[in-house]
Amino acid sequence: MQRHISVFADWNAIPTLLAFSDELEADWRMPADYGYLLRMVIEEVATNIVKYGYHDHNRDQIHLSCTYDQGVLTITIRDRGQPFDPLTAPPPDLHAAADQRALGGLGIFFVREYADTLTYHHDPDSGWNELTVTKTMTMLDRLRSLPLFQAVPEAVLSALAPRLAECRLAPGEVLFHQGDTGHECYVVLSGAVEVITFVNGAELRLEVFHSGQIIGEMSLIDHSPRSATVRAIEPSRLVALNEQVFATLIGSSPALAMHMLRSIVSRVRNTNQRMIHDLERKNAELLTAYQQLQAAQAELIRYNRLEEELDVARRIQQSFLPRVLPQPPGWRIAAFSRGAQAVGGDFFDTIPLPDGRIGLIVADACGKSVTAALFVALSRSLLRATSQAAANLPHSTDNGAALLQHTIGLTNDYICREHGEANMFVTLFYGLLDPTTGRLLYANAGHNPPLRVNHDGTVVEELSEGVLPIGIVVGQTYEVRELYIAHGEKLVAFSDGITEAMNSSGELFGDERLHHVLQAHATQTANDLVITVVAAVDAFAAGAPQADDITLLVVERLPTEQA
Ligand SMILES: Nc1ncnc2c1ncn2[C@@H]1O[C@@H]2COP(=O)(O)O[C@H]2[C@H]1O
């Protein structure tokens with residue numbers, strides 16, 4: 001510990017320096033006789049400097065610095081006044097009458113008597129005077145200065161003190177380990193030591209002991225091994241008391257015994273409190289953990305139930321897809337649909353009509369999962385029902401366009417009117433194929449344009465995208481277009497999940513790659529081509545999660561020689 005003050009060397013300096021010394025005494029908790037020495041140095045040395053050190057024109061500063069470390073007080077006073085070596089001052093004539101004595105001599109005499117060392121140095125070049133006074137505590141001084149020993153009779157303390165040894169610890173140094181046999185207890189003179197124990201291999205600090213506290217007394221009292229490890233956390237000095245000294249001290253001072261009892265009782269109370277607190281905290285943690293477990297279990301049950309329900313929904317949805325696709329002579333039809341989630345919003349359908357024509361549907365309901373799936377069920381049923389009803393109309397046999405318009409129009413109006421609030425819509429490609437002629441009438445309600453691919457795999461036509469999806473505007477009309485699929489050609493209808501499939505770099509599969517695959521596998525049958533395209537999309541995504549449902553329908557008209 002070190003402090004410093006500089007003051008102007010006039011009479012105001014003395015009270016300022018004395019106030020500084022009071023502050024130090026309190027802050028450093030110095031024994032009273034150290035404070036006394038400091039005050040004496042200020043009163044005698046500083047007063048001499050103010051009084052005799054200067055002619056009024058050259059007054060300067062007085063610098064006082066003090067260090068107090070490991071029981072040694074060092075006081076240094078520096079000034080640039082007249083040199084005055086207190087060591088050369090003649091001793092006062094203690095027998096002379098008070099009015100005959102030289103002024104100031106007595107105070108300096110006491111300082112010299114009281115201090116352990118006193119050195120003076122004058123530097124003629126710079127003019128600095130430096131007086132250093134030190135005082136080192138004896139063991140007796142130190143014990144006396146501790147409140148713990150205040151009630152121990154002076155005779156006992158003086159008899160014991162010279163037999164006591166001091167031990168020093170560097171920070172981190174262990175005084176003793178838990179489990180050691182203990183023959184001594186210790187009084188902390190300066191610094192700080194911690195008491196630690198181990199819980200599940202981890203250190204737990206029980207207490208920190210400072211100057212004036214006694215440690216390691218438990219083993220002396222009950223002769224059991226050390227209950228904890230003691231380790232220094234600062235440079236520390238301790239005095240060791242063996243069993244005999246400890247017994248003498250306790251025997252000589254009921255107040256000391258009571259003090260120790262009090263500290264042990266308070267330790268028991270603290271331990272109880274801590275145990276209760278720990279138990280309460282652990283109980284609360286257990287309760288919270290139990291509640292979280294219950295909530296997680298409930299969630300798991302709910303999740304499993306949902307999974308089961310979703311599985312049922314998935315199976316129902318799969319059952320909506322035609323199990324066997326119509327294969328009219330000279331034609332091959334193949335399709336595939338895979339949801340991104342358990343249930344999806346894409347679907348395809350093939351509807352054989354009584355006159356031999358076949359309705360071909362690829363659709364994509366907006367949204368995903370259960371909402372989309374419910375909408376798929378509704379749209380698909382409506383399209384099936386209206387298609388079959390329209391096909392039975394007398395005029396419909398020769399008028400495919402009317403059938404298509406009627407079917408899509410009715411479905412659209414029904415969804416708009418009955419489910420408008422759901423804000424759902426479905427993109428739909430609906431083709432009506434006459435397998436005998438290869439004529440395809442179709443309407444497209446906002447779906448990806450299907451592709452007409454010739455025998456060498458070239459995309460020769462992108463079918464019209466058409467107008468709005470169904471479910472948006474009541475009364476919307478859907479234009480019906482016509483094309484012929486020649487021998488060796490294919491019609492490829494698909495959902496945007498194919499072209500918008502994404503790899504982990506965020507790249508899309510895209511139209512170009514699809515066209516390329518179709519071309520590269522021009523000779524494949526409808527069925528193989530479906531498998532090839534899906535495999536190409538999966539290879540491109542390379543494990544990136546499927547973001548959207550994918551659906552593909554390939555209608556192939558066999559070359560004449562095979563038809
Ligand atoms: N819970 C505690 N709180 C404070 N000090 C303790 C505690 N437990 C042990 N000690 C002190 O740590 C010392 C370890 O050695 P002893 O058992 O001899 O004596 C012990 C006491 O002085």
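The residues of the chain are indexed from 1 along the displayed sequence. Atoms within each ligand, like the ligands themselves, are counted from 1 in listed order. Heavy atoms only: backbone and side chains are in, while hydrogens, waters and symmetry mates are out.
Ser495 pairs in a side chain to side chain donor-acceptor pair (under 3.5 Å) with only one of the listed residues (Asp364, Asp549, Asp346), which is Asp346.
Salt-bridge annotation for Arg205 and Glu203: absent, with no side-chain N of the basic residue lying under 4.0 Å from a carboxylate O of the acidic one. Ion pairing of Arg39 with Glu43 is absent here, as no side-chain N (NZ or NE/NH1/NH2) approaches a carboxylate O to less than 4.0 Å.
Taking the six-membered ring where tryptophan is involved, the planes of Trp28 and Tyr68 are essentially parallel, since the angle between them stays under 30° and well short of 60°.
At most 12 non-hydrogen atoms from other residues, nucleotides or ligands lie less than 6.0 angstrom from OH of Tyr303.
With ligand atoms numbered from 1 in the order given, ligand 1 contributes 5 (N) to contacts under 4.0 Å with heavy atoms of Phe209. Residue-ligand proximity, Glu217 to ligand 1, at heavy-atom distances under 4.0 Å covers atoms 19 (O), 21 (C), 22 (O). Each of the following atoms of ligand 1 lies closer than 4.0 Å to a heavy atom of Ala228: 14 (C). Counting the atoms of ligand 1 from 1 in the order shown, those under 4.0 Å from a heavy atom of Phe176 are 14 (C), 15 (O).
At a 4.0 Å cut-off, not a single heavy atom of Gly182 sits close enough to ligand 1 to count as contact.
Considering backbone and side-chain atoms alike, Glu207 places every N or O at 3.5 Å or more from each N or O of ligand 1.
At a heavy-atom distance under 4.0 Å, atoms from both the backbone and the side chain of Met218 approach ligand 1.
Taking the centre and axis of the six-membered ring of Phe347, the NZ or CZ atom of Arg380 falls outside the cone set by 45° and 6.0 Å.
Looking at atom 8 (N) of ligand 1, its nearest protein heavy atom turns out to be Leu206 CD1, 3.9 Å. Closest to atom 12 (O) of ligand 1, if we only count protein heavy atoms, is Val195 CG1, 3.5 Å. The protein heavy atom nearest to atom 9 (C) of ligand 1 is Ser227 OG, 3.4 Å.
Residues Gly497 and Asp548 come closest through the heavy atom pair CA-CB, 4.0 Å.
The residue from Arg267, Arg274, Gln213 that puts a heavy atom closest to atom 3 (N) of ligand 1 is Arg267.
With ring centers used as reference points, Tyr114 lies under 6.0 Å from Tyr36.
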